[in-house]
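Input: a single structure, listed below in structure tokens.
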Amino acid sequence: QVQLVESGGGLVQAGGSLRLSCAASGLTFSTYNMAWFRQAPGKERECVGAITWRGGKIYYPDSVKGRFTISRDNANHTVYLQMNSLKPEDTAVYYCAARLGGGLDYNSNAYYYWGQGTQVTVSS
């Protein structure tokens with residue numbers, strides 16, 4: 001079955017960096033568009049980066065543009081989220097998600113498969 005397993009979360013001070021990884025199995029990874037979402041308590045789930053199956057198109061919301069970088073390694077079935085200059089408002093559970101076809105999309109409803117999430121906490 002399809003599995004998406006996130007890792008790399010943790011506690012970091014404001015201004016610090018973290019790199020999240022999402023290892024995929026049970027699907028033809030190179031044909032799936034991938035994304036990272038986050039959800040803080042009491043807030044809606046937000047896309048913080050999306051990348052098409054070949055990496056040719058990438059989306060970031062304004063809230064993370066210039067600080068976060070999404071990338072993928074199709075040979076190793078992994079998608080990454082490099083997060084720099086972290087702020088306390090970046091604190092959330094971060095989820096990896098996958099969808100087949102349809103191009104770049106930042107809506108959570110468009111994604112079929114989800115990981116279990118990894119906690120990122122940024123202290124001030």
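- Within 6.0 Å of OH on Y60 lie more than 12 heavy atoms contributed by other residues, nucleotides or ligands.
- Linking ILVMFWY residues whenever their side-chain heavy atoms come closer than 4.5 Å, directly or via other members, places V93 and W114 in the same cluster.
- In terms of heavy atoms, V48 sits closest to V64 at O-CG2, 3.4 Å.
- Under the 4.5 Å side-chain heavy-atom criterion for Ile, Leu, Val, Met, Phe, Trp and Tyr, L27 and W36 are members of the same hydrophobic cluster.
- Taking every heavy atom of both residues into account, A24 and L4 meet most closely at CB-CD2, 3.5 Å.
- Between T28 and Y32, the closest heavy-atom pair is O-CD1, 3.2 Å.
- Closest non-hydrogen pair, K43 versus Q39, comes out as O-NE2, 3.2 Å.
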- Item | Test side-chain hydrogen bond (donor to acceptor under 3.5 Å, both in side chains) applied to Y94 and R38, step by step | CA-CA 4 Å; Y94 283 70; R38 68 184 179 189; 3.0 Å; yes

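- Note that CZ of F68 and CD1 of I58 are 14.5 Å apart. Values are rounded to the nearest 0.5 Å.
- A distance-only check finds no donor-acceptor pair linking the side chain of T78 to the backbone of A23 [under 3.5 Å].
- A distance of 14.0 Å separates CD in Q3 from NE2 in H77, rounded to the nearest 0.5 Å.
- In this structure, the separation between SG on C96 and OH on Y80 is 11.5 Å, given to the nearest 0.5 Å.
- Looking at every heavy atom in both residues, G115 comes nearest to E6 through CA-OE2, 3.2 Å.
- Cluster annotation: W53 and L100 are assigned to distinct hydrophobic clusters (Ile/Leu/Val/Met/Phe/Trp/Tyr, side-chain heavy-atom contacts under 4.5 Å, transitive).
- Here the CZ atom belonging to R67 is positioned 9.5 Å from the CE atom belonging to M83, to the nearest 0.5 angstrom.
- Atom CG of L18 is separated from atom CD of Q82 by 8.5 Å, given to the nearest 0.5 angstrom.
- Cluster membership check: L11 does not share its hydrophobic cluster with L86, using side-chain heavy-atom separations under 4.5 Å among Ile, Leu, Val, Met, Phe, Trp and Tyr.
- Under a 4.0 Å N-O distance rule, the pair D90/K87 does not qualify as a salt bridge.
- Within the 4.5 Å cutoff, the side chain of D105 has no heavy atoms near those of the N33 side chain.
- Residue L81 holds its CG atom at 11.5 Å from CE of M34, rounded to the nearest 0.5 Å.
- Cluster annotation: I70 and L20 are assigned to the same hydrophobic cluster (Ile/Leu/Val/Met/Phe/Trp/Tyr, side-chain heavy-atom contacts under 4.5 Å, transitive).
- Counting heavy atoms from C-beta outward, Y59 and C47 have side chains that approach closer than 4.5 Å.
- In terms of modelled atom types and a separation under 3.5 Å, the side chain of S30 and the main chain of N74 share no donor-acceptor contact.
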Check the pair E46, S63 against side chain to side chain contact (heavy atoms under 4.5 Å, CB included), reporting the backbone distance first and the verdict last.
CA-CA 10 Å; E46 172 193 24; S63 57; 3.0 Å; yes

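- Between L104 and I51 the shortest heavy-atom distance is CD1-N, 3.8 Å.
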| request: Could you please spell out the steps behind the side chain to side chain contact (heavy atoms under 4.5 Å, CB included) verdict for F29 and N76? | output: CA-CA 9 Å; F29 181 76; N76 289 303; over 6 Å; no

